[in-house]
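Just below is one structure, and these are the notes that go with it.
Each chain gets a letter, A, B and so on, in the order the sequences are listed, and its residues count up from 1. The structure displayed is predicted, hence computed values, not measured ones.
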2 protein chains.
Amino acid sequence: MEYNAKQLQIIEVAERLFSQKGFAGTSVRDIAQEADVNVSMISYYFGSKEKLIEALFQLRMTESSSRLETLVMASELSALQKFNVFIDSVIDRLMGNQCFHNIMLREQLSSERTPVITEYIRGLKLRNVELIRRMIREGQEAGDFKKDINVSLVTTTLYGTVNYALASQDFYKIINDLGHLSEEEFQTHLRGELSQHLKNLFKSTITNEHHIQN
Amino acid sequence: MEYNAKQLQIIEVAERLFSQKGFAGTSVRDIAQEADVNVSMISYYFGSKEKLIEALFQLRMTESSSRLETLVMASELSALQKFNVFIDSVIDRLMGNQCFHNIMLREQLSSERTPVITEYIRGLKLRNVELIRRMIREGQEAGDFKKDINVSLVTTTLYGTVNYALASQDFYKIINDLGHLSEEEFQTHLRGELSQHLKNLFKSTITNEHHIQN
DNA sequence: AACTAAATCAAACGATCGTTTGATTTTTAC
DNA sequence: GTAAAAATCAAACGATCGTTTGATTTAGTT
């Protein structure tokens, strides 16, 4: 499915409002007003509010990242280097699509989920955890990584840390006295800190004692 | 403020429904029906739906954990031991109040927040990060912990990991073939895995090279 | 220019929302 | 036992919800 400019405008406004106020907390009139279209256009183009968020998910999910998978795995980087590249890509992907990942996180918190969206999320998470599993196994076979690594929990810490950092970024800015930075400067700062923190965290956890070149 | 049995019943049902369907996604009629009271009782007792969730926050926030602070800090445990005790207490607190922490996490994702609730959350997070800061500083002064530790990000990883693990527990159960466990067995299993994972994660990250007794 | 299809609109639809009303029942206090 | 207070209820309130209608305008095709 491809969308015209007006449809994309509706989707993008909906994405921002769903992120800010939640799906149930956002009315189609809110969306229509901010997207500068008539209320009926939403049903006209998408069928329903429910179908609209499904269209959003379909759009955002399909445009993401099968490149990464082959790009990372096919390279001649060491296992740890691949893992570090992956960490940065996760940070970039989540920070570059904060609204959408906010919606996705909220969706995971709900127990009354749309089957379509639930399936999208499950598929994405399955791909992510499998990619990490392959990277870790590669590192283990090279003798660089420890043998007993809980892949699920490593994944959980990676995504959990980035997600929670983004959810708490206002608080983070305050207690670290970063109010003087512009929004862009702050995002860059946070990105760098997260990257360093996570790389350090996992390096000392999943690699063996004997030093390996970074 | 203290509540009678009926009021507590309403609060507890509201807590579960807000957790499952979100604040905006839950109607006062939903709550009234499941709590087996008349719709008007919610306004009668709490004033409004908004005041109801504020009452929930006030109730859950005041019943939590200033004991921990003095208990952990005043003991003769080593810095790492204190940190490990704190890790377990965080896991227990979040897993023991999943509904409420689900609501709290959702609230942090929203940009249109109730000032009262925002302030509750800010205060709680401030206390938590300060407690962790004191523990880390103590470990540093004893020479056990590294000098350059980003307290905010350590806190973020701790809470982010536990929160995300709970948000993804259905997925975790599936990909780890834990479907044969009862719900209680699974919770116990997850608690243990999380505890081991986080202790291991932080031990290798924040302690110095030379071994210190656990 | 004439016809067709797509887009846009104001208005209205019925349903549900949070809240209030006013009567009635139950509990409490003396 | 009786009066006051608290609790409970069905019903209704106005507002807003997502969606549909039907007329009108715009764009595309010949």
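Note that B/K173 lies in the cation-pi zone of B/F186, set by a 6.0 Å cut-off to the ring centre and a 45° limit from the axis. At least one cation-pi condition fails for B/K125 and B/Y159: the charged atom is not both under 6.0 angstrom from the six-membered ring centre and inside a 45 degree cone around its axis.
At a threshold of 4.0 angstrom between heavy atoms, the contacts of A/Y45 are confined to the sugar-phosphate backbone, with no base atom among them. Contact annotation for B/S43: base contact, defined as any heavy-atom pair under 4.0 Å involving a base atom. Across all strands, B/S48 comes closer than 4.0 Å only to sugar-phosphate atoms, never to a base (heavy-atom distances). Using a 4.0 Å heavy-atom criterion, one finds that A/Y44 contacts the bases of the nucleic acid, with or without backbone contacts as well.
Only at 4.0 angstrom or more do the heavy atoms of residues 4-18 of chain B sit from any atom of DNA chain C, so none qualifies.
Computed from coordinates, the A/E50 CD to D/dC17 P distance equals 17 Å when rounded to whole Å.
In the helix from C/dA1-D/dT30 to C/dC30-D/dG1, the terminal helix axes, each the rotation mapping four pairs' C1' atoms onto the next four within five end pairs, subtend 20°, rounded to 10°.
Here the nucleotide nearest the side chain of B/N38, chosen from C/dT19, D/dA10, C/dC9, is D/dA10. The nucleotide whose nearest atom lies closest to any side-chain atom of A/M41 is, among C/dT8, D/dG18, C/dC17, C/dT8.
Looking only at side-chain heavy atoms (C-beta outward), B/L166 and B/L190 come within less than 4.5 Å of each other.
Counting atom types as modelled, B/S40 pairs a side-chain N or O with a base atom of D/dC9 as donor and acceptor under 3.5 Å.
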